[in-house]
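In what follows, a single structure is set out as structure tokens and then discussed.
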Amino acid sequence: MAIDEGLKSELQKQGIFVLPFEQLYNWGRKSSIWPLQFGLACCAIEMIASAASRYDLARFGAEVFRATPRQADLMIVAGTVTKKMAPQVVRLYNQMPEPKYCIAMGACAISGGPFKDGYNVLKGIDRYIPVDVHIPGCPPRPEALIHAIMTLQRKIANQHLEKGQRPRWYDKNAASEYAIPAFGEHDLQPTANREVWQPPRDYRDVTLEDVKKP
Amino acid sequence: MEAIEKIKEIAAQAVPAAKIEIINSTPAAQQPALLVDREHIYAVGKFFKEDPRFQMDFCSCVTAVDYLPKADKSGCIEVVYHLYSVAQKQGPIVLKVRAPRELDQCRVPSLTPLWRACEFQEREAYDLYGVKFDGHPDLRRILMWDEFVDHPMRKDYVPPPDYEWEPTPHDDTLQRAVEEGGIMPPTAREELEKAKKK
Amino acid sequence: MDQVYKVAPQLLKFLSYLLGWLPWIGKPVAGFLSNPPAWFLLAVAIAIPILFVVSVFPGIFAYTTLVERKALGRIQNRIGPNRVGRWGLLQPIADGVKLLTKEDIVPRSADKFVHFLAPVIAVIPSVLLFSVVPVGAGLVPVDLNIGILFAFAISTASVLALFMGGWASRNKFSLLGAMRAVAQVVSYEVPMVLAAVAVVMAAGSLSTLAIAKAQGGGILNVTHWFVFRPWGFVGFILFTIGAMAESARTPFDIPEAESEIIAGYHTEYSGFKFALFQLGEYLASIAMAGITVTMFLGGYNGPGSGPGILGGLISMFWFFAKLGGMIVLTIWIRGTWPRVRVDQLMSFAWKVLLPMSIVNIVAVGMWHYIAIRPIAWVVTTLWLVLWFITLSKLAASENIEKREYRYAS
Amino acid sequence: MGFIGKGLFEGMVVTARNFVGSYFDKERLVTVQYPEERVQVPENSRTFPFLVFDKDSDPVASMRCVACKICEVECPPQCIYIVMDRDEKGKPQQRPKVFDIDISVCMQCQICVEVCPFDAIKMDNNYEKSQYGRFDELVEHLPELLKSNEFYNKIKPTEATAVDAKLKADAEKKAKKAAPAAKPAATAAKPAAPAAPKPAPVAAPTAKIAIPDDAPFTPEQRQWLSGYLSTVAASGVAPAAAAPVAGTPAAPATEAPAGNWPWHDPGLGMQRRLDLAKETPIADKLMAAMAQTDCHACGYDCRGYADAIATGAETDLSLCLPGEAETANMLKKLMQEAGKL
Amino acid sequence: MIQPLTDAKPYTLTPGSNGVIETQTLEVSIGPQHPSTHGVFRMDCVLDGESVVALKPVMGYLHRNHEQLAERMAWLGSMPYTDRLDYFNSMTNNWAYALAVEKLAGIKVPDRAEYIRVIMAELTRLLNHSCVIGFMLQDLGAWGTPLLYAFRERERILDLYEAVSGSRMMCNYMRFGGVRVNLTDENLATAKDIATRFPRFLDEFEKLLTNNEVLLARTQRVGVLPKELAINAGISGPMARASGVDYDLRKVDKYGVYGRLEFRVPLGDIGDVYDRYYIRVLEMRESIKILQQALRDIPQGPHIAPEVKLRNFKIPPGDGYGRIEGPKGELGFYLVSDEGGKQPYRYHVRPPSFINLTILEDMCVGHKVADVVVILGSVDIVLGEVDR
């Protein structure tokens with residue numbers, strides 16, 4: 001039962017601050033996201049630059065890069081996920097304690113990027129783990145990473161505890177561990193985790209007509 | 001550095017049994033190479049390394065190149081060694097050695113005992129091209145995972161199917177995306193059918 | 001403890017006056033509080049120091065993490081956390097809330113019970129350490145006459161927690177971290193204790209209150225601090241190095257060396273257990289800073305500190321000011337120096353600190369028996385400096401040398 | 001002494017100076033608080049491409065892109081997808097019907113900007129594009145890509161003014177040449193060709209369709225329209241004149257919907273196209289040598305240009321911009337073989 | 001008997017033959033995800049207590065098939081991919097590839113372009129050496145302070161790169177026959193300002209580090225690399241010069257206009273981690289000298305050879321090898337073009353950090369785990385270049 005705004009502002013006038021549990025949790029998680037110290041390629045250097053002096057991720061309380069997945073809440077997949085590295089990435093994501101988020105930073109992490117046609121490159125990490133925010137760019141500027149972290153904070157801010165809209169880590173039977181692919185003779189087995197990887201079936205061509213009628 | 005022909009004579013005298021030819025590069029590059037047969041590449045390499053006139057003690061680059069069989073030429077895998085001399089600061093001597101493309105006969109004597117620099121690069125040539133180096137201390141795959149069986153950098157390698165979401169397909173990705181029933185712009189699918197009909 | 005007995009009745013009277021106006025339960029409660037039975041008075045007298053220690057020092061821990069992140073930021077030309085609350089003031093609270101609501105993972109192959117027990121044991125000794133730290137003039141939670149002995153006995157118990165944590169997680173890196181922690185704390189315990197012995201000899205008593213009282217007097221209550229004695233200054237340096245090694249702060253943070261063995265013994269701890277480990281670690285370093293302040297920097301003595309209400313308050317101010325100074329010093333060192341290697345740490349402890357602390361004890365003896373002050377100053381200083389030079393020559397590892405670099409022709 | 005020495009304290013002095021300095025000296029506190037303050041991004045900083053159109057009133061018509069697919073071919077990660085717009089008769093318009101850029105693959109290398117002969121695609125510098133979804137949100141279609149020239153001038157002033165000046169200069173040069181209706185002026189073969197296809201009056205005796213002066217067109221549009229109408233008129237009249245010597249049935253009207261020319265596909269290599277057109281008449285061989293993009297950079301479409309060369313109406317063999325020197329040399333070789341030159 | 005870990009052999013504490021307690025080695029994989037492996041690089045270490053008994057490097061976690069992709073693209077198409085090889089020094093990667101193609105096709109580069117290339121390469125060298133020292137200190141445990149000072153200077157250089165080429169890290173700035181955009185006077189002014197400001201930063205950096213006793217104790221006599229092994233193992237760059245190998249391609253090949261600029265090449269003699277650190281500091285000082293000379297006498301003129309075509313650029317059939325002195329060592333490109341000429345038939349990169357890792361085991365055996373991390377830091381590897 002979310003408290004309605006009218007009553008809340010009324011109480012506020014009297015000096016009583018009503019803070020439902022949900023907002024307290026979200027505020028706590030939002031304002032102290034500890035990313036996992038996990039860099040793959042060039043985007044990792046831009047991630048370090050965003051934690052460096054000029055762009056300073058510390059202002060958001062997110063500069064504590066924890067080396068162990070047990071104490072991290074955010075995995076920033078910064079760089080190309082190759083097929084040889086994919087099992088390790090999924091295992092790391094499984095090892096993180098539950099209210100965990102994932103940012104796919106850079107074209108390579110989203111879709112394999114410029115190296116899409118390589119034989120050893122995974123076409124995007126969301127074939128195996130659910131990704132919350134995608135940042136296009138090769139590499140995205142440090143401001144783009146900070147903008148993404150603010151987008152993630154907005155997403156955390158409106159998570160709810162009510163029955164219907166609960167995030168996955170509140171209900172018992174939702175998966176918090178994702179299948180780790182095995183090394184096959186020619187490719188990873190399986191090539192994608194079907195529960196996580198669901199491309200849209202209908203693809204509509206956007207043509208000139210959409211330009212004419214806005 | 002003397003002219004390449006002179007080097008060829010010196011090498012021929014030093015290792016009489018070796019069959020050495022000269023292959024020249026593009027006219028502008030002026031880096032002719034010495035093609036040596038498989039049995040004597042080790043002896044020639046040892047000569048260039050120890051001979052006081054050359055002292056080639058720095059093996060800079062080891063590359064495998066896959067030549068597909070053509071109408072006139074039969075296919076082969078060529079391993080190219082670029083040797084430099086740190087002591088006398090001399091330009092490259094390029095040694096080439098060829099091996100047939102079939103996996104079981106693709107064997108070349110390793111030069112790692114002469115130059116430690118070749119260790120990783122020969123392992124990479126084995127991993128990506130399938131050239132087995134006899135005498136290499138630790139011939140394992142270096143870049144691909146151990147359970148991988150193919151040699152992916154060969155010209156006739158076909159990567160596994162992975163074309164489910166292709167918003168911008170072109171020529172062969174378009175071909176493979178249509179075969180695997182991937183999701184792509186409908187106009188691209190019609191275009192391909194039309195081209196097939198023609 | 002005796003002042004608390006005097007204070008408790010007045011406090012209860014004030015409380016009863018406060019609750020008096022409550023409509024129907026006010027009267028009986030006020031009556032009960034104004035003349036309390038003996039057992040209730042004792043309970044309140046015990047409750048006040050416990051409440052004080054459990055609320056003030058974890059608060060100091062929370063805001064030490066904030067000061068640390070902002071100070072490290074300022075050293076590195078950036079601003080620390082400033083978007084959570086006014087100047088980032090709510091950052092520690094946010095960290096706490098997040099760590100509390102984190103899933104608590106216990107590795108499958110871990111030894112469940114030991115894995116659970118380790119953080120608890122990490123916190124208990126650190127909190128107990130505060131019972132002997134004199135916060136103000138006469139204000140010490142428990143006035144033990146063997147205060148310093150109790151402090152050292154308890155502080156070694158935290159090593160158990162580190163090893164249990166490392167061993168129970170069944171993780172190779174945490175095992176390495178645990179072994180390093182044991183070796184380090186054991187080998188730094190000895191020079192620390194011997195440095196404290198010097199102070200105990202000078203103050204003539206083990207009780208921290210007495211040591212603090214011994215440093216009172218002199219101009220503005222400052223000149224009698226032990227740190228202004230030659231042997232006191234050396235003792236201060238030895239004790240600070242030992243304290244930093246004890247609580248694994250840079251340059252001795254080898255047990256959880258992030259760049260070598262991931263996060264050392266608390267690699268497998270997540271959420272609230274990790275927060276408990278951090279709490280234990282930081283409380284231990286604050287408590288050690290408190291003991292250093294008590295033994296060498298004159299505890300609560302400072303200009304204006306005295307027995308009365310006002311003097312007590314000023315003395316508390318001085319104690320917390322000096323405590324803050326020590327914490328800032330550790331943060332400053334953390335932002336500057338690289339980490340020492342394990343074997344160098346050991347050789348430094350056994351070959352340099354231990355002999356110096358023994359020499360220091362001899363210096364205190366000399367100081368005590370040479371009646372004329374100036375001669376005592378000269379003799380002890382000479383004695384200490386001579387030993388300092390010989391030891392540094394002996395222990396200086398041979399490979400450190402200045403090098404010249406040539407240029408290619 | 002083993003450890004406590006001069007060097008350690010020098011280091012402490014440096015960090016202390018930085019700590020104190022951060023409160024006074026601008027040099028020692030370099031943080032730019034991103035959402036409130038922003039780093040002044042230099043002018044030619046680049047993130048993702050966008051398409052330029054000239055007039056706000058009608059973006060579709062005034063789009064500079066003529067769908068010649070040079071950028072699609074040259075893009076290293078192949079993340080551009082273009083479909084040529086055809087009217088109901090199947091005749092190629094000079095506009096892309098579909099122009100997608102998959103920004104989840106784009107590597108921001110601006111090679112498409114470099115190779116575009118019509119300055120139709122430029123690099124934006126907006127970097128705030130993080131999305132929750134990954135599939136359709138990260139494929140930019142025409143509505144998101146099309147941006148006005150004013151926007152281009154706003155984000156990149158110097159570069160935009162230089163491009164506008166060049167376009168205006170080309171337009172005037174063509175207008176001056178086209179006025180006396182002399183031999184079609186060879187536009188400069190340098191890679192940056194003019195945007196509007198120049199009106200090449202075909203030798204065939206067709207009256208130049210005059211456009212009323214009060215029609216609401218800018219001079220530049222007038223050029224383009226007249227060129228376009230002349231080709232339409234020319235195609236309507238000239239099939240007979242283009243009858244090749246070899247007697248095979250003349251190809252249908254040059255503007256006929258894409259006939260069954262197997263080689264008419266920009267993706268095929270030059271060699272393959274010529275093999276497909278081996279036994280065909282000289283006009284088809286010439287057409288096979290073109291770049292098959294029907295981009296009208298030469299003033300005709302591929303078929304029209306081939307016929308013009310075959311009939312001798314067009315002597316300049318280097319007008320095929322996308323084909324560049326390769327097509328020009330091949331045309332010269334074919335003409336020598338056919339003994340026409 | 002104590003329950004063994006998943007794969008380890010059971011611990012036996014029975015006294016060995018000579019009465020010594022038989023201990024058991026510990027296999028630890030300092031794995032693809034580790035705070036100080038500078039990316040996804042793995043070392044399988046066998047530890048006896050703290051000291052290393054054996055060490056096998058494992059790579060390939062960032063093998064992005066750059067060479068196969070290059071064989072399907074035009075010559076110019078793989079120029080932006082060279083930025084992603086060693087993602088710290090995109091300018092020198094571009095230069096190495098452009099130099100190799102120019103050598104193959106025989107293209108003459110105008111003088112102004114050569115000077116611009118020298119300026120950009122030396123700026124990259126400054127940036128790379130300062131960041132490497134920063135990362136090495138991070139491995140030594142200094143909580144990011146030297147690293148963030150180095151990144152503060154790096155931001156200044158990246159601003160110049162962005163103003164000139166459009167992107168901070170992936171410049172894609174050099175073309176065959178010169179550079180894509182000419183340097184305006186304002187860019188030259190910022191470059192001069194960087195050249196004057198960098199020595200002050202270097203002095204502060206040295207004061208913080210060079211005679212810091214903990215650093216001296218941790219790095220002297222650690223990871224010693226003898227001179228003959230360095231030459232035989234093909235080690236190049238500052239790592240070789242720290243062992244006394246006098247081989248700097250700017251002096252040996254005299255490519256570009258390095259023949260006209262005078263600068264010195266610092267050489268160490270023991271070849272341990274401290275030498276590699278200090279050689280990089282001295283090389284930064286030499287680079288500043290080169291930068292000032294290049295900025296002083298940069299001529300006017302075209303910034304690119306006009307006759308080089310942008311599209312359908314063809315190279316006559318044949319092969320060739322071009323190399324430059326990158327900040328990490330000798331970066332070479334071996335290119336083979338067949339008769340089609342529009343695409344490279346074989347495109348091979350000779351990466352310095354991949355070959356400098358050959359002797360990692362020889363340097364690390366016998367040292368502690370803490371030293372292995374520092375030695376890897378001093379070797380200065382970037383995984384984009386190691387795995388290509």
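By convention in this document, chain letters (A, B, ...) are assigned in the order of the sequence lines, proteins followed by strands, and residues within each chain are numbered from 1.
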- request: In sequence, state the C-alpha distance, the side-chain angles, and the governing distance for E:Phe41 and E:His34, and then conclude on ring pair (Phe, Tyr, Trp, His ring centres under 6.0 Å).
  value: CA-CA 8 Å; E:Phe41 174 71; E:His34 187 273; over 10 Å; no
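- Neither the backbone nor the side chain of E:Leu209 comes within less than 4.5 Å of any heavy atom of chain C.
- Only the side chain of E:Arg152 comes within contact range of chain C, with at least one heavy atom under 4.5 Å from a heavy atom of that chain.
- Chain E forms the most heavy-atom pairs under 4.5 Å with one residue out of C:Trp337, C:Tyr407, C:Phe173, and that residue is C:Tyr407.
- Using a 3.5 Å distance cut-off with no hydrogens or angles, the side chains of C:Asn77 and E:Tyr149 do not pair a donor with an acceptor.
- The two atoms that bring E:Arg42 and E:Ser29 nearest to each other are NE-OG, 3.7 Å, heavy atoms only.
- Using a cutoff of 4.0 Å between basic side-chain nitrogens and carboxylate oxygens, E:Glu286 and E:Lys289 are scored as salt-bridged.
- The aromatic rings of C:Tyr282 and C:Phe61 are tilted relative to each other, their planes meeting at an angle between 30° and 60°.
- Residues of residues 43-57 of chain E that come closer than 4.5 Å to chain C, counting heavy atoms only, are E:Leu47, E:Gly49, E:Glu50, ordered by residue number.
- A pairwise comparison of heavy atoms in C:Ala245 and C:Gln184 identifies O-NE2, 2.6 Å as the closest pair.
- Side-chain contact of C:His115 with C:Glu268: a donor-acceptor pair under 3.5 Å is absent, judged by distance alone.
- Using the six-membered ring where Trp is involved, E:Phe198 and E:Phe201 have ring planes that are perpendicular, over 60° apart on the 30 and 60° scheme.
- Between E:Lys207 and E:Glu204 there is no salt bridge, since no side-chain N of the basic residue sits under 4.0 Å from a carboxylate O of the acidic one.
- Proximity to chain C is absent for every atom of E:Phe151, based on heavy atoms less than 4.5 angstrom apart.
- Checking each of C:Glu260, C:Glu256, C:Glu258 against C:Arg339 for a salt bridge (Lys or Arg N to Asp or Glu O under 4.0 Å) leaves exactly one that passes, namely C:Glu260.
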- prompt: Between C:Phe274 and C:Phe277, is a ring pair (Phe, Tyr, Trp, His ring centres under 6.0 Å) present by the stated rule, with each step listed?
  reply: CA-CA 5 Å; C:Phe274 167 66; C:Phe277 256 121; 8.2 Å; no
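- Of the listed residues E:Leu148, E:Val265, E:Leu267, the one with more heavy-atom pairs under 4.5 angstrom with chain C than any other is E:Leu267.
- Contacts of residues 235-255 of chain E with chain C at a heavy-atom distance below 4.5 Å involve E:Gly244, E:Asp246, listed in sequence order.
- With salt bridges taken as basic N to acidic carboxylate O contacts below 4.0 Å, none links C:Arg170 and C:Asp111.
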